[in-house]
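Heavy-atom basis, side chains included; hydrogens, waters and symmetry copies ignored. Just so you know, ligand 1 is whichever comes first in the structure, and atom 1 is the first atom listed for that ligand.
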Amino acid sequence: MIKHYLLTPGPTPIPPEVALKEALPILHHRTSEFASVYKDVAEGLRCVFQTKNEVYMLAASGTGAMEMAVVSLLSPGDEIVVASCGNFGDRWAKIAEGYGIKVISASVEWGKVVKPLEIEKALRANPNVKAVYTTFTETSTGVANDIKTIGEIVAKTNAVLIVDAISGLVGQEFKTDEWKVDVVVSGSQKGFMLAPGLAFITLSDKAWKLTESSRLPKFYFDIRKYKKSYATNETPFTPPVTLIVALQESLKLIKERGLENMWNDNKLLAKAARSGIKALGLELFGEAPCEVVTSASVPVEIGGKIVKILREKYGVSIAGGQGDLKGKIIRFAHMGYIGKADLLVGLACLEMVLSELGVKIEKGKAVAAAEEELLKA
Ligand SMILES: *Cc1c(COP(=O)(O)O)cnc(C)c1O
């Protein structure tokens, strides 16, 4: 028997109050009982997204909402700008190319942050561009992009701005309306502290205009169907009722703590994680670290082993690198239901694994450095 700690950047642990809701008898989704849950959840989502617009729910992983943000807005032959800085940003280009969309790249090397000026240049050089797709917190590298500045730039053009905030919402300050973001997508298994399987999407009026002329093929991911059902507190197809009932509970927990406090809690955890990692002599990876996951460079020959031994021997799950970063970085998540104590457990076990692998470190240093940060708060 081994006790498990989930410190991965999705899925994340679920608070017991939320898990209990997932065990309740199933509600039927065409009832007033469900409609009342739906209404409550819709209100909570608007707060988390910081928007006055409707937020729709669909049964899919976050990528389903990403696909929806492509097929619901665009038409064959359209041009878009993709500003990627990692694996998830690249996914925008892959989805769009899969539908025959012309992708103009304003992407940067993995680990760097997207350059707003490159987006501005791309828009100026390609006045027909319909949309700019980018990522808020790039979970694959651990950096956060300056969405506010990008929002200012795109708002001055005819293009709409679509942001993947799947891992960043709840954990890091994000303001859809204030930052002039037209479309935001997210998912249940990160900051929302739920099981995987529920995706979210919201659209501005400017983005709705595009949906009217959109001609890409679609059925399940046609956002107009979701808008129509929203008016009666329903979804067009059977929703994951269990997840939505549990979402009501997690939104309640977020509201009780306060969204701004949630942002600050994560900021503190991120600071402590960075201090701890640095105290071990490891180098942080990424140009502008986000507040929901911390990445560190590790010697390539032990990268994979660290993750494996942590999980198998200590029950601590963290993530390694994706794509070209496989084996080269480790990623410690502190999003969702992860607290100070979890972080200290993770760092302590990391120290043991590094020692075991022959890396010269002083045991206790990461934990001590993290404690210093946590005590400052
Ligand atoms: C997790 C994640 C995704 C993918 O979400 P799925 O739910 O696995 O489809 C996309 N983008 C970012 C930034 C993520 O963190």
Side-chain angles (χ1 to χ4, degrees), residues 6-14 48-49 56-71 82-96 98 107-108 110-114 132-147 150 161-174 176 181 183-202 220-221 240 243 246-247 250 266 270 285-286 288-295 317-323 325 329-338:
L6 197 55
L7 301 179
T8 52
T12 60
I14 301 176
V48 170
F49 278 75
Y56 309 101
M57 294 181 278
L58 61 148
S61 82
T63 306
M66 292 175 77
E67 182 145 350
M68 183 180 255
V70 171
V71 298
V82 170
S84 165
C85 59
N87 194 28
F88 292 114
D90 288 358
R91 188 167 294 177
W92 281 127
K94 286 183 189 154
I95 297 171
S107 300
V108 295
W110 288 22
K112 302 278 182 214
V113 287
V114 160
V132 175
Y133 290 79
T134 192
T135 317
F136 174 37
T137 48
E138 177 49 78
T139 322
S140 68
T141 62
V143 307
N145 287 315
D146 181 0
I147 301 300
I150 298 170
L161 173 62
I162 295 100
V163 174
D164 165 359
I166 292 176
S167 64
L169 278 197
V170 185
Q172 184 161 344
E173 181 180 18
F174 187 90
T176 301
V181 185
V183 180
V184 179
V185 300
S186 197
S188 54
Q189 80 278 25
K190 314 239 168 142
F192 284 93
M193 304 178 283
L194 291 176
L198 185 63
F200 312 108
I201 184 167
T202 184
Y220 185 78
F221 290 122
L243 287 178
L247 173 62
S250 72
N266 270 83
F285 180 81
C290 69
E291 281 147 25
V292 294
V293 59
T294 295
S295 301
S317 291
I318 64 165
Q322 299 176 324
L325 294 175
I329 62 169
I330 53 171
R331 294 176 299 141
F332 247 100
H334 25 86
M335 61 177 74
Y337 189 56
I338 290 176

Output for ligand 1, non-hydrogen cut-off under 4.0 Å, lists S61, G62, T63, F88, R91, T135, T137, T139, D164, I166, S167, Q189, K190

- Message: Are the side chains of L6 and P13 in contact, using a 4.5 Å heavy-atom criterion?
- Response: yes

Taken in chain and number order and not counting sequence neighbours, the residues that satisfy salt bridge (Lys or Arg N to Asp or Glu O under 4.0 Å) with E67 are none

Less than 3.5 Å apart, which donor and acceptor atoms pair up between the side chains of residues 185-197 and the rest of the protein, not counting sequence neighbours?
unit_1: S186; atom_1: OG; unit_2: A165; atom_2: O; d: 3.1
unit_1: S186; atom_1: OG; unit_2: I166; atom_2: O; d: 3.4
unit_1: S188; atom_1: OG; unit_2: A195; atom_2: O; d: 2.7
unit_1: S188; atom_1: OG; unit_2: G197; atom_2: N; d: 3.4
unit_1: S188; atom_1: OG; unit_2: L198; atom_2: N; d: 3.1
unit_1: S188; atom_1: OG; unit_2: L198; atom_2: O; d: 3.2

Any idea how F200 and F49 line up, ring-wise: parallel (<30°), tilted (30 to 60°), or perpendicular (>60°)?
perpendicular

So CD1 of I318 and CG of L7: to nearest 0.5 Å the spacing works out to 8.0 Å

Residues passing the side chain to side chain contact (heavy atoms under 4.5 Å, CB included) test with A144, sequence neighbours excluded, are T137, Q172, C290

